[in-house]
Amino acid sequence: MELKKRYDAKESEKKWQAYWEKENVYKFDPESHEEVYSIDTPPPTVSGKMHLGHTFSYSQQDFVARFQRMLGKTVFYPFGVDDNGLPTERLIEKMKKVKGHKMPRNEFVKLCYNTVEEIRDDFVQDWKNIGVSADFDVFYSTINKHSQKISQRSFLEIYKEKRIYRKRAPFIWCPDCQTAIAQVEMKDSERDSKLVYMKFDTTLNEQITIATTRPELLPACVAIHIHPDDKRFKKFIGEKAKIPFSERKVKITANKDVDMEFGSGIVYHCTFGDMDDVKWIEKFDIEPIEILNKNGTLNEFAGRFKGLHVKKARPEIIKALEEEGRIEKIEPIKHVVNVHERCDTDIEILTTDQWFIKYLDLKQDFVKYGRKIKWFPVHMRARYENWILGLKWDWNISRQRYFGIPIPIWYCKKCSEIITADEKQLPVDPLVDTPKTKCKCGSKDFIGEKDVMDTWATSSLTPDIAAELFKDKKIYKKLLPMDLRPQAHDIITFWLFNTVVKSYFHHKDIAWKNVMISGWALDPHGKKMSKSKGNVIDPNKMIEKYSADALRFWAAGSRLGDDLPFMEKDLVTAQKFTTKIWNASKFAFMHLQDFKKEKPKKFEIMDAWILIKLNKLIKESTENFMNYEYSHTKLETEKFFWHSFCDNYLEITKDRLYNSDKRGKDPKLSAQYGLYTALLDIIKLMAPITPYITEELYQTYFKKYEKIKSIHISKWPSLDLKENKPAKDAEKIGDFFVYVLQHARRAKSEKNMSLKDPIKNILAKGKIKKTDFENIKEDLLSVTKAEKIVFEALKEDSKIDYEVVVDV
RNA sequence: GGGCCCGUGGUCUAGCCUGGUAUGACACCUCCCUUACACGGAGUAGAUCACCAGUUCAAAUCUGGUCGGGCCCACCA
């Protein structure tokens, strides 16, 4: 029952983590009759180790989960890992030093499966270490059979609604990963480049100059565009231009999309340099030239440049143009290009067969759904809507990769008919399995679809994947729509939006009632953390050096949605907090050894005072937590604990606790009651933030009275002050007390005296009754060490509330 | 170019919705080893709340604008 001199976080955190697991403290009970609070936990991408951004946002969501649990709700808090698709392939390739496309497909896929299994436990352990209170037995992986089945079923359902189509079309392509990617998977990257001014011959016997950053696409030039209002070049419209190094001539057309200010003011239209080129193909009904191979090399349309990678072809073509005297000038420029966010490779546009979900016509519905969800913080919804309104392409869900969930489709060898898998045979691998029926044409020969689905096509189903771990429909219904989707703001456009889309198709309902969006952990200068900048902080090292509680305490320091710079000194502050609460508890437990949780007949004023302040804190904290404002709870509880409770209240009660022979049993009991209640409630308020030390303190002393096996399933504090009957005006009287105490301390400090030194006299004036003063006089004398206190009551209409003169 | 967020003592931050000159931490300075804690305590100093204008008796707080920083999206062929 006694606490050790110092708190040992390392030992304690290990101990309670094991205890929670053994005692099933966070186990989801599907049979419970309590209200359910279901959480759509983000499955972290399996990528080796947890990073500080994870620590930050998972801590924040865990605050909420723990709070809801303490409200008495049955919390559904599953845990999954996202180990599906391209990011996993990249990880395995790096770990095992292999290349997916250089191995037999099934061997690579097997290697991925095995490796993912192998590293999973270690990976998940990081989340356990920071105290995430998920039920780790309610577990899924986005590549396991369960997820495959649901993901393929989703594909088939949407296919049946005629919202999935296959089309050969120009689309965003990553030549390094050799797969199509989605609009959302691109990011910007600034590159040094050259703006090359090339001279073309025309049918007007006059040359025109075209500026481009992509001269290597010259052989795929299909038209020249000039703004119809451009006086300089208007005369060329309707004429033709000759493509250098070939006999081909292309039309010069009028196009209002042309920016007359840029470059030479004339655009050469290649297939395909960017998405405008795709648009113009349709607009002007032009036949494209597909010049690129899937690996980014030029094909036979490039003539003498055939076989060169675009990067190599660029200088070669410039050189050749120079030799023909066709270069007017070359300007070095910086410009922004789209790259694949997974590998930083410049994207290309290639014409390939792809599967799409048709949803552009549903934009308004998605906006509507977004408005049915409660957003915390509310401004994050604007990002969601902004993204939807900017969408230009249907959702490309096929990837030309290996380790992913197969598209459950076959093609008839004879008549090319598309055969879908039967729901009963899911999950299915069309490269191994065959359809259950024969084709309409009678053929039994099929070719399985090689493409796999985009990872987001599966991770957008996490509410279903998690809920369907329970086969019972009744339970399933209790869980959906979920109460909460917690996540960081960077994937609003990916994961959040895609989940809304899937929920729209499958449930015609929102996926969750609330979303909470976390910010990012930044470096001390407010910059993003990234490996290339070398400013990455390893959370495990910080846990080792401080504690998981300290990291969580830090994570509770920013408002939901705000980014937070990481400064190690904040962990020092956090550690100070744990030390302080440890020491305060040491004091409290010492004086509570003979306490029987009895209420005193009458509360001393200062005990009533702390309870009233505590009650205000609890009310405020509960309200804030309801609105996901955990940072307020943390801030206010910390202040209350440190200043009201430790600096003042503990000092004030000492005389009654230590000297009960002199002061009497009841005044001591009153102090004990205040001490017990305030400390227990403080650790309960902090339990969601710092689960380990609060559990240690609870288990050491409070458990034997409270009878609940863990603080984390104990009831969130609520104080009934009426029942406790504090004296009228106790708050006002107590505030006066503290004011006098402050003055006494100040006077001593100014005279360089020790706080234990006695002082001669205090003259205290205040707007309280003489009889009330008599009730606090003894406490006040003992805590100030004053020999005498003279009190004068101030009139109610007096301009000042208090006045104190200290005579040392 | 479009959308959103932010701008408070040296640093980080509370307060802003629901107007009455400001919270706490770190750092600094002075003092105090007092029976929970020196991994502590007491105290001093330090902010015209980015700028301008408006509303108001009164603005960090509301309205409009300016400047600066950040994020997301679009985009230069």
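What's counted below: heavy atoms across the whole structure, side chains too, no hydrogens, waters or symmetry copies. Just so it is clear, the structure is predicted and the values come from calculations on it, not from any experiment. Note on naming: letters A, B, ... go to the chains in the order of the sequence lines (proteins, then strands), and numbering restarts at 1 for each one.
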Any strand counts, and the cut-off is 3.5 Å on both contacts for Watson-Crick or G-U wobble. Which nucleotide pairs with [N]?
{"N": "B:U30", "answer": "B:A42"}
{"N": "B:G64", "answer": "B:C52"}
{"N": "B:A77", "answer": "none"}
{"N": "B:A14", "answer": "none"}

Min side-chain heavy-atom separation [X]-[Y] under 4.5 Å:
{"X": "A:F262", "Y": "A:L195", "result": "yes"}
{"X": "A:I333", "Y": "A:K194", "result": "no"}
{"X": "A:Y649", "Y": "A:S644", "result": "no"}
{"X": "A:T633", "Y": "A:F63", "result": "no"}
{"X": "A:M529", "Y": "A:F566", "result": "yes"}

Nearest-angstrom distance, [atom1] atom, [N] to [M]:
{"N": "B:U63", "M": "B:U44", "atom1": "C1'", "answer": "40 Å"}
{"N": "B:G69", "M": "B:U30", "atom1": "P", "answer": "39 Å"}
{"N": "B:C51", "M": "B:G9", "atom1": "P", "answer": "10 Å"}
{"N": "B:C5", "M": "B:G20", "atom1": "P", "answer": "23 Å"}
{"N": "B:G24", "M": "B:A42", "atom1": "P", "answer": "12 Å"}
{"N": "B:A27", "M": "B:C73", "atom1": "P", "answer": "39 Å"}
{"N": "B:C49", "M": "B:U8", "atom1": "C1'", "answer": "4 Å"}
{"N": "B:U34", "M": "B:C39", "atom1": "P", "answer": "15 Å"}

I need the [atom1]-[atom2] distance between [X] and [N], as an integer number of Å.
{"X": "A:K569", "N": "B:C28", "atom1": "NZ", "atom2": "P", "answer": "12 Å"}
{"X": "A:D562", "N": "B:C12", "atom1": "CG", "atom2": "P", "answer": "14 Å"}
{"X": "A:F376", "N": "B:C4", "atom1": "CZ", "atom2": "C1'", "answer": "19 Å"}
{"X": "A:E638", "N": "B:U13", "atom1": "CD", "atom2": "C1'", "answer": "11 Å"}
{"X": "A:I492", "N": "B:C5", "atom1": "CD1", "atom2": "P", "answer": "13 Å"}
{"X": "A:L650", "N": "B:C37", "atom1": "CG", "atom2": "C1'", "answer": "10 Å"}
{"X": "A:N624", "N": "B:C17", "atom1": "CG", "atom2": "C1'", "answer": "13 Å"}
{"X": "A:E568", "N": "B:A25", "atom1": "CD", "atom2": "C1'", "answer": "17 Å"}

Can you see whether [X] engages [Y] through a side-chain donor-acceptor pair at a distance of less than 3.5 angstrom?
{"X": "A:E636", "Y": "A:N624", "result": "no"}
{"X": "A:R485", "Y": "A:T499", "result": "yes"}
{"X": "A:Q60", "Y": "A:Y628", "result": "no"}
{"X": "A:E696", "Y": "A:Y7", "result": "no"}

One character per nucleotide, please: for nucleotides 69-77 of chain B, 5' to 3', B when the base has a protein heavy atom closer than 4.0 Å, S when only the sugar-phosphate does, - otherwise.
--SSSSBBB
Any chance you could list the contact pattern along nucleotides 39-47 of chain B? Use B for base contacts, S for sugar-phosphate-only contacts and - for none, protein heavy atoms under 4.0 Å, 5' to 3'.
BSSBSS---
Would you classify A:M380 as touching base, sugar-phosphate or nothing, given that sugar-phosphate means primed atoms plus P, OP1 and OP2, and contacts are heavy atoms under 4.0 Å?
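It contacts nothing in the nucleic acid.
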Within the structure shown, what part of the strands sits under 4.0 Å from A:H632 by heavy-atom distance: base, sugar-phosphate, or nothing?
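Counting heavy atoms under 4.0 Å across all strands, the contact made by A:H632 is with sugar-phosphate only.
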Indicate yes or no for a side-chain donor-acceptor contact from A:S547 to the backbone of A:I543 under 3.5 Å, with no hydrogens or angles considered.
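Flag not set: sc A:S547 to bb A:I543 has no pair under 3.5 Å.
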Both A:P524 and A:F587 contact RNA chain B. Taking the nearest nucleotide for each, which residue is further toward the 5' end?
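Whichever sits nearer the 5' end wins; that is A:P524.
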Of A:K748 and A:S558, the one whose closest RNA chain B nucleotide lies more 5'
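This one resolves to A:S558.
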Pairs in or reaching into residues 570-585 of chain A: which pass side chain to side chain donor-acceptor pair (under 3.5 Å), with residues at least two apart or in two chains?
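Matches after skipping sequence neighbours: A:N583-A:K586.
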